[in-house]
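Protein chains get the first letters and strands the later ones, always in sequence-line order, with residue 1 at the start of each. Below, each value reflects all heavy atoms present in this structure, side chains not excepted, and no hydrogens, waters or symmetry copies.
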There are 2 protein chains.
Amino acid sequence: MARMSVADRRAALILAALRVIERDGVHGATTRAIVAEAGMPLASFHYAFLSRDELIRELIRTVVETEGQAASETLSEQAGIRTSIRDGLQAYFDLLVAEPNREQAMFELLHYSLRTEELHDLPKAQYSTYWKTAASVLEVGAKAARVQWKLPVAEVARLLVTFISGLTLAWLADRDAEAAARTMDFAADSLAVLAEPISDLADAKTNQSIER
Amino acid sequence: MARMSVADRRAALILAALRVIERDGVHGATTRAIVAEAGMPLASFHYAFLSRDELIRELIRTVVETEGQAASETLSEQAGIRTSIRDGLQAYFDLLVAEPNREQAMFELLHYSLRTEELHDLPKAQYSTYWKTAASVLEVGAKAARVQWKLPVAEVARLLVTFISGLTLAWLADRDAEAAARTMDFAADSLAVLAEPISDLADAKTNQSIER
DNA sequence: GTCTATAAGGAGATAGAC
DNA sequence: GTCTATCTCCTTATAGAC
């Protein structure tokens, strides 16, 4: 293998590992499978990483950081908040259907972290990224729809992520797109109730009280 | 080891395997760990099961069948449907907090099935049990609260399970009980909207339209 | 029927040749 | 710096003694 900086090797191995995990699951991501995917000899692995766990840790860190990128571009301008949420959910769902293995991999990595003492801080970091991304999408959507959230946007974001996680698991289990669509309809309805017109006259009109 | 019928051995090994999986994860459930937990010599394993995969398959089947048992006893009589749902969610959540490893194990088994060709029918079976259990609880709750569901109860059940899955994952990641409580409040609010008083005069009164 | 002992292979990690 | 060859341990599964 040609000369390569350690940093480049680490990056290449992480990408290769991610491909292997998507294809074969966390269980299949052995050091041998990873170096084969990266086209490197086995010894290069421990030249770049101290251990397999170190790579997994870096991998989750990378994935969690880069995952919150491509969101919020799907939001239709000029739409009501209910439609915006529904469209955003659909965009996510289309991505899930196109690449189910990726979402499966995210779940597996979460559970792997939960079972590995040294990685116990990662699940929270992973979900924090989800929540932050969701909050940012919800803020953009609210602004475009000229509404505001009655709850802190971070809480609405958590609810949105709850829907998405539950939706994803159910679809992975039964691959029923129509049932998923109904779940998304309900999620959009329920979340839209948490928004109100931006003028503050409006709150006298809302009659769906949210108990806290 | 004393005489034991093959059926008894299989049952004992499955229970031992479940304990190991809860403690150490699916990854830790090696044949050696399982027989050690069951107090059997290694050879007994393959005397009772053809392979490790056969045991895992039987284990998931058993778990999925027996899991829908202890529900619906928590429903408070004489309560409104919103309160009943909220209480039911709390009962589940208390169980989750008391034994997080059990729920973690259920997720891991789901993902294991998704990654194993021969087990591809199990995820759907697992969720079908969840849905069926949820539907049964929702029916009992509606009856007690003298309301009826505006949607087929199977669909409401799917939404409830969506909430529970999402809620569980988030709590496993960040162990924030207060945030979980807020999610449960929202879930109870949102699902209660799907019920209406049993008298059929009532539907003119509901003003939360559910788009389909 | 039961269990000890072992086969056969895959895993992470490394020594040492180039 | 790089990689081949190997070490050591752990896995599933089985052969064969009792």
Side-chain angles (χ1 to χ4, degrees), chain A residues 1-21 23-60 105 108-109 111-113 115-119, chain B residues 1-21 23-60 105 108-109 111-113 115-119:
Chain A
M1 178 119 264
R3 281 282 187 96
M4 234 177 143
S5 76
V6 173
D8 286 351
R9 247 178 227 288
R10 286 171 72 99
L13 284 168
I14 286 174
L15 286 177
L18 191 56
R19 288 195 299 274
V20 173
I21 290 175
R23 192 199 320 125
D24 303 324
V26 171
H27 178 73
T30 64
T31 53
R32 287 175 155 82
I34 294 167
V35 294
E37 177 74 26
M40 290 181 197
L42 180 56
S44 293
F45 187 96
H46 291 284
Y47 180 72
F49 290 98
L50 271 167
S51 69
R52 179 175 170 278
D53 256 17
E54 196 201 347
L55 173 132
I56 299 281
R57 182 177 192 96
E58 286 304 308
L59 183 148
I60 300 180
E108 288 174 15
L109 288 170
H111 291 297
Y112 183 87
S113 300
R115 288 291 187 192
T116 309
E117 197 73 50
E118 315 88 85
L119 305 181
Chain B
M1 179 117 262
R3 280 283 186 95
M4 236 177 138
S5 75
V6 173
D8 286 350
R9 248 179 225 288
R10 285 171 73 99
L13 283 168
I14 286 175
L15 286 177
L18 190 56
R19 287 195 299 273
V20 173
I21 289 176
R23 193 199 319 126
D24 303 325
V26 172
H27 178 74
T30 63
T31 53
R32 286 178 149 79
I34 294 167
V35 294
E37 177 73 26
M40 290 180 196
L42 180 56
S44 294
F45 187 96
H46 290 285
Y47 179 72
F49 289 99
L50 270 168
S51 69
R52 179 175 170 278
D53 255 17
E54 196 202 348
L55 173 132
I56 300 280
R57 182 179 192 95
E58 286 303 307
L59 182 148
I60 301 181
E108 287 174 16
L109 288 170
H111 291 297
Y112 183 87
S113 299
R115 289 291 186 192
T116 309
E117 197 73 48
E118 314 89 84
L119 306 182

Output yes when at least one side-chain N/O atom of B:Arg9 is less than 4.0 Å from OP1 or OP2 of C:dT2, else no. yes
Could you give the OH-to-C1' distance, from A:Tyr47 to D:dT4, as a whole number of Å? 17 Å
Atom CZ in B:Arg52, atom CG in B:Leu13: separation rounded to 0.5 Å? 13.0 Å
Without decimals, in angstroms, what is the distance between A:Met4 CE and D:dG1 C1'? 14 Å
Given side chains that start at C-beta, do those of A:Phe49 and A:Arg10 come closer than 4.5 Å, heavy atoms only? yes
Nearest-nucleotide pick for A:His46, side chain only, options being C:dT4, C:dA13, D:dA13: C:dA13
Between B:Ser44 and C:dT2, is there a side-chain N or O to OP1/OP2 distance below 4.0 Å? no
Is the NE2 atom of A:His27 crowded by more than 12 outside heavy atoms at less than 6.0 Å? no
Enter the distance from B:Ile56:CD1 to B:Ile21:CD1 here, rounded to the nearest 0.5 Å. 4.5 Å
Would you mind reading off the distance between B:Leu42 atom CG and C:dT2 atom P, rounded to a whole angstrom? 15 Å
A:Phe49 CZ to C:dA11 C1', in whole Å, measures 18 Å
Which residue lies toward the 5' end of DNA chain C, B:Val6 or B:Ala43, if each is placed at its nearest nucleotide? B:Val6
Once you round it to whole Å, what is the distance between C1' of D:dT11 and CD1 of B:Ile34? 12 Å
Starting from C1' on C:dG10, measure out to CZ on A:Arg32 and report it in whole angstrom. 7 Å
Between D:dT2 (P) and A:Asp8 (CG): distance, integer Å: 11 Å
Rounding to an integer number of Å, can you tell me how far B:Glu54 CD sits from D:dA13 P? 10 Å
